[in-house]
Amino acid sequence: MKKSKFYLGIDIGSVSLNLVIIDDSEKIRASIYKRTKGRPLQVLLESLNELSDEFNFFEGIAVTGSGRKLAGKILDIPDINEIIAQARAACFFHPEVRTIIEIGGQDSKLIF
């Protein structure tokens, strides 16, 4: 039996933290949404600990959001601009989409 590979996506912003784990068949295996309440790194570490019993190895990890550079540096993982991530995801999952509107806690984006 083939063992699944897991991938972790982290979006750490000024208001909330979003984590998603997918497997190699692109099925969502777990997700977490939490308000950061001014403690984004603490909330991130607590959330990673919650997932560690079930998921202890990831084939790939990336972080987006306004806290991506700090979190990426601390965890030694790649930080990716969320505009690029959103555009790539839309092209992959919904290639017919031509416009993305994203309203975050810190800023808003309009992507064509």
Side-chain angles (χ1 to χ4, degrees):
M1 183 171 156
K2 180 184 159 197
K3 186 175 178 182
S4 291
K5 295 178 181 177
F6 300 109
Y7 302 86
L8 172 63
I10 303 168
D11 179 51
I12 186 164
S14 59
V15 174
S16 64
L17 168 74
N18 298 279
L19 299 177
V20 66
I21 297 172
I22 63 170
D23 63 20
D24 46 2
S25 64
E26 300 168 5
K27 179 181 175 192
I28 295 174
R29 301 296 296 266
S31 64
I32 291 178
Y33 168 84
K34 290 185 179 178
R35 309 262 314 174
T36 56
K37 299 179 183 175
R39 306 170 295 118
L41 293 176
Q42 182 178 345
V43 172
L44 171 60
L45 293 176
E46 290 168 1
S47 298
L48 292 173
N49 281 332
E50 287 176 29
L51 296 169
S52 66
D53 287 341
E54 189 174 352
F55 304 96
N56 57 16
F57 178 80
F58 297 103
E59 191 70 25
I61 305 173
V63 61
T64 65
S66 60
R68 73 184 183 275
K69 294 222 179 269
L70 181 58
K73 187 170 188 151
I74 289 170
L75 297 173
D76 193 27
I77 57 176
D79 66 271
I80 299 172
N81 180 293
E82 66 269 14
I83 296 170
I84 293 169
Q86 290 167 352
R88 285 184 179 166
C91 288
F92 184 82
F93 290 106
H94 298 283
E96 73 281 4
V97 168
R98 295 291 173 248
T99 306
I100 301 168
I101 300 171
E102 194 255 330
I103 300 173
Q106 192 172 9
D107 61 7
S108 298
K109 298 164 194 77
L110 176 62
I111 306 166
F112 295 102

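The chain is numbered in sequence order, starting from 1.
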Worksheet item: How long is the span from the CD1 atom in Ile21 to the CD1 atom in Ile32, to the nearest 0.5 Å?
Response: 7.0 Å
Worksheet item: Should Arg39 and Glu46 be marked as a side chain to side chain contact (heavy atoms under 4.5 Å, CB included) after you check the CA-CA gap, both sets of side-chain angles, and the distance that decides it?
Response: CA-CA 11 Å; Arg39 306 170 295 118; Glu46 290 168 1; 4.1 Å; yes
Worksheet item: Is there a side-chain contact between Ile61 and Ile10, using heavy atoms and a 4.5 Å cut-off?
Response: yes
Discussion item. Quick check: is Ile83 connected to Ile100 through a chain of hydrophobic side chains (ILVMFWY, heavy atoms under 4.5 Å apart)?
Written reply: yes
Discussion item. Looking at Lys5, I want to see if its NZ is surrounded by more than 12 non-hydrogen atoms of other residues, nucleotides or ligands under 6.0 Å.
Written reply: no
Worksheet item: Is there side-chain contact between Val43 and Leu41, with heavy atoms separated by less than 4.5 Å?
Response: no
Worksheet item: Among the clusters formed by ILVMFWY side chains lying less than 4.5 Å apart, do Ile74 and Leu17 turn up in the same one?
Response: yes
Worksheet item: Rounded to the nearest 0.5 Å, what separation is found between the OG1 atom of Thr64 and the CG atom of Asp11?
Response: 3.5 Å
Worksheet item: Which value, rounded to the nearest 0.5 Å, describes the distance between Asn81 atom CG and Lys69 atom NZ?
Response: 8.0 Å
Practice prompt. Group every Ile, Leu, Val, Met, Phe, Trp and Tyr by side-chain heavy-atom contacts under 4.5 Å, then state whether Leu70 and Leu48 land in the same group.
Written response: yes
Worksheet item: Atom NZ in Lys109, atom CD in Gln86: separation rounded to 0.5 Å?
Response: 6.0 Å
Discussion item. Pair Lys34, Ser47 - check side chain to side chain contact (heavy atoms under 4.5 Å, CB included), show working.
Written reply: CA-CA 9 Å; Lys34 290 185 179 178; Ser47 298; 3.5 Å; yes
Response to the item:
Here the gap from Ser4 atom OG to Phe55 atom CZ, rounded to the nearest 0.5 Å, amounts to 9.5 Å
Fill in: Full working for side chain to side chain contact (heavy atoms under 4.5 Å, CB included) between Thr99 and Ile111
CA-CA 6 Å; Thr99 306; Ile111 306 166; over 6 Å; no
Response to the item:
Nearest heavy-atom approach of Ile12 to Arg68 is CG2-N, 3.9 Å
Discussion item. If we ignore hydrogens and angles and just use 3.5 Å, is the side chain of Thr36 paired with the main-chain N or O of Val15 as donor and acceptor?
Written reply: yes
Practice prompt. Determine whether more than 12 heavy atoms belonging to other residues, nucleotides or ligands lie under 6.0 Å from atom CG of Asn49.
Written response: yes
Discussion item. Name the residue from Asn56, Leu51, Ile22, Asp23 that meets the side-chain contact (heavy atoms from CB on, under 4.5 Å) definition with Phe6.
Written reply: Asp23
Discussion item. Within the structure provided, determine whether Leu8 and Val20 are in side-chain contact (heavy-atom separation under 4.5 Å).
Written reply: no
Worksheet entry | Exam field: side chain Arg29 to backbone Glu26, donor-acceptor pair closer than 3.5 Å | no
Item to complete: Using the test side chain to side chain donor-acceptor pair (under 3.5 Å), find all partners of Ser16 that sit at least two apart in sequence or belong to another chain.
Response: none
Fill in: Tyr7 vs Asp24, side chain to side chain contact (heavy atoms under 4.5 Å, CB included): CA-CA, chis, key distance, verdict
CA-CA 8 Å; Tyr7 302 86; Asp24 46 2; 4.2 Å; yes
Worksheet item: Minimum heavy-atom separation for Ser66 to Ser14, with atom names?
Response: OG-N, 3.3 Å
Item to complete: Please check if atom CG in Leu110 has more than 12 non-hydrogen atoms from other residues, nucleotides or ligands closer than 6.0 Å.
Response: yes
Practice prompt. Please check if Phe112 and Phe92 belong to a single hydrophobic cluster, counting links between Ile, Leu, Val, Met, Phe, Trp and Tyr side chain heavy atoms closer than 4.5 Å.
Written response: no
